[in-house]
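These notes are about the structure you will find just below.
Values in this document were obtained by computation on a predicted structure and should not be read as measured data.
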Number of protein chains: 2
Amino acid sequence: MKSNRPVPDRLLDAAASLFAREGYDAVSVRQITSRAKANLGAITYHFGSKEALFHAVIDRVGAHLAERFAEIAGGKGTPLERIRGIVTMVLSEPNLPAPAMILRELATDRPLPPPLVALMRRNLGEVMSLIREGQADGSIRAGDPALFAMSVMAQPFLLRMASRIPRDIAGVMHDDPDTHRALVKHVVTTITRSLAS
Amino acid sequence: MKSNRPVPDRLLDAAASLFAREGYDAVSVRQITSRAKANLGAITYHFGSKEALFHAVIDRVGAHLAERFAEIAGGKGTPLERIRGIVTMVLSEPNLPAPAMILRELATDRPLPPPLVALMRRNLGEVMSLIREGQADGSIRAGDPALFAMSVMAQPFLLRMASRIPRDIAGVMHDDPDTHRALVKHVVTTITRSLAS
DNA sequence: TTAGACTTCATACGTATGTATGAATATTGT
DNA sequence: ACAATATTCATACATACGTATGAAGTCTAA
C-alpha cells in the first residue's frame with residue numbers, strides 16, 4: 001500500500017520529520033530518500049540540493065506555524081486571551097515541527113536560512129501587536145513589547161523543542177494528557193501573571 | 001608565543017567553544033585539533049574518541065555551571081533573591097557555553113550523554129529546593145515546584161542559547177551593556193511576578 | 001502511434017569524516 | 001646515562017556524505 005502522493009511532497013514530509021527530530025547535519029539525503037521511498041537522486045532532481053530542500057521544509061512548516069499564529073491572533077477575545085491561545089497552541093498542536101527546527105537553527109552561529117528570520121519576526125511581531133493592543137486598552141501592563149513577547153514565547157517554544165526537559169529531567173510525565181493539561185495551564189497562568197496589569 | 005598549557009586542556013578549550021557555537025555534528029576533529037594546535041591524533045590518544053571528548057567537555061562546562069548554581073543557591077538572601085541571582089548569572093556570565101550545548105543536545109531524539117541528564121536534574125533540583133524553601137516560609141506562592149522551576153529557567157536558558165533572538169529578531173540590541181541590563185531586569189521582574197505570593 | 005519531455009534509477013565521483021598505525025621524538029625514573 | 005614510558009606526528013584506511021552522470025523507463029500531446 002505504498003503512498004501515491006507526489007515525490008516532492010513525500011520528500012518534504014520525510015525531511016520535515018527527520019530534520020525536526022535530528023537536526024540538519026545529522027540527517028543524510030539517503031535517510032530522507034529512503035524514508036520517502038524515493039530514489040537517491042530525487043532530492044537533487046526536485047529541489048536542487050539538500051540545503052534547498054531544507055529551506056523548502058522551513059518554508060512549509062513555517063507557513064503552517066504562521067497560519068496558526070495569524071488565525072488565533074486575528075480571532076476573537078481580548079488580547080490576553082489570544083496570547084494565551086497562541087501559547088496553548090504551540091504547546092499542544094499535535095504536529096508542529098517548526099519550533100524545534102527554528103530554535104536549533106537559531107542556536108548556531110552559522111548564517112540563518114533566509115526564510116527563517118522573516119518568519120520569526122512575523123510571529124513575534126504578531127505577539128507584540130497583541131501586547132500593544134492590550135496596553136492601549138489598559139489590560140496589559142506597560143513595558144517594552146519586544147521584551148514581553150520574548151518572555152511570553154520562550155517557555156512554549158523551549159518546551160516544544162526539548163520535550164525531554166519535562167519528561168526526563170523535571171519528572172513531569174507530560175505524555176499523559178492530564179499532566180500535559182496541567183503543564184499548559186501552569187505556563188498559561190505564569191504568562192498571564194507576567195502580562196496582566 | 002604558543003601556549004604551554006597541556007594538550008588535553010587545549011583540546012577541551014577548543015572543543016568547548018566550537019561545540020557551543022556550531023554543535024557536535026558540525027565540528028570536525030580536524031577543526032578541534034587545529035584550533036588547539038595539536039596533532040590530528042591527539043583526540044584519539046588523550047580521550048579515545050570524538051564522542052568521549054564531547055562527554056568530557058560536557059562534564060567540564062557542566063561542572064562550571066553547577067558550581068555557579070550551587071554557589072548562588074547556597075549563598076545568602078531569601079529564596080527568591082537567590083533564584084533571581086541564578087537567573088541573572090545565566091544571562092550575564094561572560095563565558096558560559098553549557099546552556100547552549102545542553103539545550104541543543106536535549107533538542108534531539110538521540111540518546112543523551114550520560115552526564116547530561118544528571119547535570120540538568122541537579123541544577124533544576126537546586127531551583128526546586130529554593131522554591132520549596134520559599135513556599136515553606138510563605139514568600140513563594142503554592143504550586144508544583146517542578147513546573148515552577150521549568151518556567152523560571154526556560155527564559156534565561158533559551159536566551160543564552162539563542163542570543164540571536166533578541167539581537168536579530170526582536171530588535172533588542174543586547175550587546176549594548178545598558179540594553180542587556182534592561183533585558184536582564186525584565187526577565188528577573190517577569191520571573192519574580194510569577195513566583196512571588 | 002510516436003516524438004519529446006519528464007522522471008526514475010543504479011552507479012560513480014570527489015571529498016570529508018573519525019579512527020588506526022607505526023615510526024619518530026620527548027619525558028621520566030633510576 | 002639509559003631504559004622504559006609517554007606523547008607527537010604524518011600518513012593510511014574505511015566509510016559516509018552530497019552531488020553528478022547517463023541510461024532506462026514513463027508520461028503527455030499531436
Side-chain angles (χ1 to χ4, degrees), chain A residues 1-59 101 104-105 108-114, chain B residues 1-60 101 104-105 108-115:
Chain A
M1 65 147 290
K2 53 176 61 169
S3 161
N4 272 6
R5 301 188 62 215
V7 173
D9 289 354
R10 300 212 307 269
L11 288 173
L12 283 168
D13 290 344
S17 77
L18 286 172
F19 285 149
R21 264 216 301 279
E22 313 275 348
Y24 180 79
D25 292 312
V27 173
S28 73
V29 299
R30 283 166 180 81
Q31 284 176 65
I32 298 169
T33 51
S34 119
R35 181 189 237 261
K37 283 165 180 27
N39 186 266
L40 171 58
I43 290 177
T44 304
Y45 181 75
H46 290 285
F47 294 92
S49 69
K50 182 192 179 188
E51 206 190 354
L53 168 62
F54 182 48
H55 290 179
V57 167
I58 289 177
D59 271 340
M101 284 179 42
R104 218 194 322 252
E105 206 55 28
T108 74
D109 265 12
R110 286 174 289 180
L112 292 178
Chain B
M1 60 147 284
K2 54 176 60 167
S3 161
N4 272 8
R5 301 188 61 215
V7 173
D9 289 355
R10 300 212 307 269
L11 289 172
L12 283 168
D13 289 345
S17 78
L18 287 172
F19 285 149
R21 263 215 302 279
E22 313 275 349
Y24 180 79
D25 292 312
V27 174
S28 74
V29 299
R30 282 166 180 81
Q31 284 176 65
I32 298 169
T33 51
S34 119
R35 181 188 237 262
K37 283 167 184 19
N39 186 267
L40 171 57
I43 289 177
T44 304
Y45 180 74
H46 289 284
F47 294 91
S49 70
K50 181 192 180 188
E51 207 190 354
L53 167 63
F54 183 48
H55 290 179
V57 166
I58 289 177
D59 271 341
R60 200 226 221 172
M101 284 179 41
R104 219 196 320 254
E105 206 55 26
T108 75
D109 264 12
R110 286 175 287 179
L112 293 178

Atom pair distance, as rounded to whole Å: [atom1] in [X] and [atom2] in [N]:
{"X": "Glu51(B)", "N": "dG18(C)", "atom1": "CD", "atom2": "C1'", "result": "12 Å"}
{"X": "Leu11(B)", "N": "dT19(C)", "atom1": "CG", "atom2": "P", "result": "13 Å"}
{"X": "Ile32(A)", "N": "dT19(D)", "atom1": "CD1", "atom2": "P", "result": "10 Å"}
{"X": "Ile43(A)", "N": "dT7(C)", "atom1": "CD1", "atom2": "P", "result": "16 Å"}
{"X": "Tyr45(B)", "N": "dC9(D)", "atom1": "OH", "atom2": "P", "result": "13 Å"}
{"X": "Lys50(B)", "N": "dA16(C)", "atom1": "NZ", "atom2": "C1'", "result": "11 Å"}
{"X": "Phe47(B)", "N": "dG18(C)", "atom1": "CZ", "atom2": "C1'", "result": "16 Å"}
{"X": "Phe54(A)", "N": "dC17(D)", "atom1": "CZ", "atom2": "P", "result": "17 Å"}

Tyr24(A) vs Met101(A) side-chain heavy atoms within contact, under 4.5 Å:
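A side-chain contact is absent here, since even the closest heavy-atom pair is not under 4.5 Å.
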
Can you find a pair of side-chain heavy atoms, one from Val29(A) and one from Leu53(A), that are under 4.5 Å apart?
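With C-beta onward as the side chain, the pair stays apart.
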
For Phe19(A), does its backbone N or O pair with a side-chain atom of Arg104(A) as donor and acceptor, under 3.5 Å?
yes

Considering only side-chain heavy atoms of [X], which listed nucleotide, [options], is closest?
{"X": "Asn39(B)", "options": "dC9(D), dA20(D), dT17(C)", "result": "dC9(D)"}
{"X": "Ser49(A)", "options": "dT19(C), dT19(D), dT7(D)", "result": "dT19(D)"}
{"X": "Arg30(B)", "options": "dT8(C), dT19(D), dT19(C)", "result": "dT19(C)"}

Does OP1 or OP2 of dT8(D) have a side-chain N or O of His46(B) closer than 4.0 Å?
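Checking dT8(D) against His46(B), a side-chain N or O does come within under 4.0 Å of OP1 or OP2.
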
On the nucleotide dA16(D), are OP1 or OP2 found under 4.0 Å from the side-chain N or O atoms that Ser28(A) carries?
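Result: no.
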
5'-most contact on DNA chain D: Gly48(A) or Gln31(A), nearest heavy atom basis?
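It is Gln31(A), whose closest nucleotide lies nearer the 5' terminus.
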
Classify the nucleic acid contact of Leu40(B) as base, sugar-phosphate or nothing, counting any heavy atom under 4.0 Å across all strands shown.
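Touches a base.
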
Salt bridge Arg60(B)-Asp13(B), side-chain N to carboxylate O under 4.0 Å
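Salt bridge between Arg60(B) and Asp13(B), a charged N being under 4.0 Å from a carboxylate O: yes.
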
His46(A) NE2 to Leu11(A) CG distance, which is reported to the nearest 0.5 Å:
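His46(A) NE2 to Leu11(A) CG: 6.5 Å, rounded to 0.5 Å.
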
